[in-house]
Protein chains: 2
Amino acid sequence: MKKKFTRKNSIQDIAEVLQLSAATISRVLNNHPHVHETTRSKVMAMVEQVGYKRNAMASGLRTNKTNSIGLIVPKVSMYIHAEIITIIQNGLHTQGYNLIICQSNDSVEMEKDLCQTLYASRVDAVIAASTLFTTDFSHFDILTDNNVPVIFYDRVPVDPYPACIIRGDDFHGAYLATSHLIELGCKSIAYISGPPVSNIYIDRLAGFKKAMTQNRLPIVKEWLFYHELDADNARKSLHRLFESKPYPDAIFAGNDVTAIAALGFAREKGIAVPGELKIVGYSNDPRSSIVTPSITTVDQFPARIANQIVTELLKILENRNSDVDIEYTQVTIPVQLIRRMST
Amino acid sequence: MKKKFTRKNSIQDIAEVLQLSAATISRVLNNHPHVHETTRSKVMAMVEQVGYKRNAMASGLRTNKTNSIGLIVPKVSMYIHAEIITIIQNGLHTQGYNLIICQSNDSVEMEKDLCQTLYASRVDAVIAASTLFTTDFSHFDILTDNNVPVIFYDRVPVDPYPACIIRGDDFHGAYLATSHLIELGCKSIAYISGPPVSNIYIDRLAGFKKAMTQNRLPIVKEWLFYHELDADNARKSLHRLFESKPYPDAIFAGNDVTAIAALGFAREKGIAVPGELKIVGYSNDPRSSIVTPSITTVDQFPARIANQIVTELLKILENRNSDVDIEYTQVTIPVQLIRRMST
DNA sequence: TTTATTTACTCAAACGATTTCGGAAATATT
DNA sequence: AATATTTCCGAAATCGTTTGAGTAAATAAA
């Protein structure tokens, strides 16, 4: 019978007990001026005592502000996103915003649903890294059309879109990685990466090609693989790649999971890394440094991306109701090659 | 000047256009009976046309139901939680609930804040894996006191708490792991694990001790280490452990990150694994299988935990307003030893 | 034809917090 | 002492949706 809890959870209830009006309670709670110090402390005491907590729905309905930001990521477990989540959450938390983390699981359908839900809950802004397969970004329109600012990062719209865009320099990253392999004497380089549909893989492919052609190396069609970058898919491609000679002397993988899979495959086949085969990954996932040999990769500086997102977001939220026109900033964060034992 | 969007985003606006009352629109949207087919389709068409989306705040305020579930995890990047997030989200999504993922970052303060925020947004229920340092669970009271059901998993309250509890069999897992090492002939086993404050580490410690004493092996105090289980802390403990002989012949690590750190340390010191030193981890993190040698570990079956959570949650939400008394189910999911090359 | 019943809809009151407007009391100014 | 100003607080409207009560029209039953 403990179900009957003291239903002291509205501003009205507190007002009644203290013989005040709800308006006064609200003013105290929002630090408005023109409230007598005596009543203020009386109210605070009662609020404390009954454990009152503001109903965010009622408040948000009235003020048209939720103090919460939606975040859509493909998978929370991916290194870059996990890093970014942590930093963004801390950054926003100190400013009184809370982060609603959502996972699209790389499904466009889910991403659509999440846009709808986030709009329905009237978040103040949305941060998003899209699905690998999102080419049509129109499901984000419900947000932008209704004045909900959107910030894309990492996986961003390829075509112009009214949103802030923060990305890594994928072109240069791939260029650096490929050039590194070429400098080491590699002549036949295989490329296993994501479908060139998402900006990150379009750019990485372009960077790869640039380095190859610049060095007059052939781009062999049979050595280019595009698919979702998980271990299973990687193994399939690797099998195809080593079905018949000549073998490539290097692999540039679109992410570290694929690079690690390549390493495992090489070990099984008795191919020496880096002796016979050099491998470069992408993202500087911590996993790339715990395997033997450790894998050369490209650092994307997720912390810098995250901080940039927070900065831009706070700027946008500040100018929210002012007449300042929203600028759709585009920022590219530089990358860095991390040389390890696999090359 | 595109700021002036057609403000057709309330039920009232649609009602006005169609010369109907808001009530009717609402009834259509909620599939209520007693609405003429003609009007129903007229309304649906208009809703579609103007891209109307229900305001979750207004709806929630009225119905006292948000259709969203809060989830608090220490870190979204941890393998077990990442797995569980994905499964829970999918499970709830099909039932029309959406998941609000929050990360406490293993900070008790943040966890407290998250409880407050989730209560403020009046989620229908909360799922939580606590901080490593949460011994006092009273900040969850704001939820339970106000009839918000709470389900704990993995890291759960040690003392009785009015919530559903779903946990892995940490005691048995540690017992299995330690017994396995003993069966392989290990006599001096070091234990590096989390502070025995959180249930998972209390239980794992107990399981370790049980196996040791059962086999009349001494538990050496200097070989027991308790701290947050990241790579840096692990290395410190390993240094202490191998400061002077005699060296242990096995290490049971509280998680796979620590086990991997031990592996790296052993390689640096030229200690052969599994020859001179055997290593067992915990969690069956995918990382434990990509290192060389691959690491023996304990699988916690995160998918089973997640499915159990979904089942319990839906049961609770179904009985929400019925007079059925809430049962605080306690479920323990079995574990399994995964033997690999490190032992 | 009169009386029930069903159908299709509207009215208006909630939900809980915020905020504009204005009133009363206290204080300051002339 | 009369007026102006400031300080503190309450009444009421509002945000957008839901829902019980009520109403008019259409259909069924008597």
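Residue numbers start from 1 in every chain, and the chains themselves are labelled A, B, ... in the order their sequence lines are given, proteins ahead of strands.
Within the structure, salt bridge (charged side-chain N to carboxylate O under 4.0 Å, His left out) pairs that include any residue of residues 90-106 of chain B comprise B:D106-B:R155 (at least two apart or interchain).
If you take CZ of B:R122 and C1' of C:dG16, they are 9 Å apart, rounded to a whole angstrom. Spacing between atom CG of A:L61 and atom P of D:dT14 amounts to 14 Å, rounded to whole angstrom units. Between the C1' atom of C:dC15 and the CG atom of A:N55 lies a distance of 8 Å, rounded to the nearest Å. The separation between B:M57 atom CE and C:dA17 atom C1' is 12 Å, rounded to whole Å. Atom CD in B:E16 sits about 15 Å away from atom C1' in C:dT10, given to the nearest Å. Rounded to an integer number of Å, the gap from B:I11 CD1 to C:dA14 P is 19 Å. Atom CG of A:L20 and atom P of D:dA11 are 11 Å apart (whole Å). Put simply, NZ on B:K65 is 19 Å from C1' on C:dG16, counting in whole angstrom units.
Residue A:S10 places none of its side-chain N or O atoms closer than 4.0 Å to OP1 or OP2 of C:dC15. OP1 or OP2 of C:dT18 sits under 4.0 Å from a side-chain N or O of A:R54. Dashed line: the shortest gap from a side-chain N or O of A:T39 to OP1 or OP2 of D:dC9 is under 4.0 Å.
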Discussion item. Between A:S130 and A:E111, is the side chain to side chain donor-acceptor pair (under 3.5 Å) condition met? List the steps.
Written reply: CA-CA 8 Å; A:S130 83; A:E111 187 174 270; 4.7 Å; no

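Contact of the A:D13 side chain with the A:S10 side chain is registered, since non-hydrogen atoms from C-beta on lie closer than 4.5 Å. Side-chain contact check for A:L92 versus A:L314: some heavy-atom pair is nearer than 4.5 Å.
The aromatic ring centroids of A:Y119 and A:H139 lie 6.0 Å or more from each other.
The aromatic rings of A:Y161 and A:F137 sit tilted, their planes meeting at an angle between 30° and 60°.
Taken residue by residue, residues 21-36 of chain B places heavy atoms nearer than 4.0 Å to DNA chain C at B:S21, B:A23, B:T24, B:R27, B:H34, B:V35, B:H36. DNA chain D lies under 4.0 Å from no heavy atom of any residue of residues 41-49 of chain B.
Closest to the B:A58 side chain, of the nucleotides C:dA17, C:dC15, D:dT17, is D:dT17.
Across A:S41 and A:T38, no two heavy atoms sit closer than the pair OG-O, 3.0 Å.
Counting heavy-atom neighbours within 6.0 Å of B:N64 CG, excluding the residue itself, gives a total of 12 or less.
Residue A:E37 is classed as having no contact, given no heavy-atom separation below 4.0 Å to the nucleic acid.
B:K315 and B:E312 are joined by a salt bridge, as a carboxylate oxygen and a charged side-chain nitrogen come within less than 4.0 angstrom of each other.
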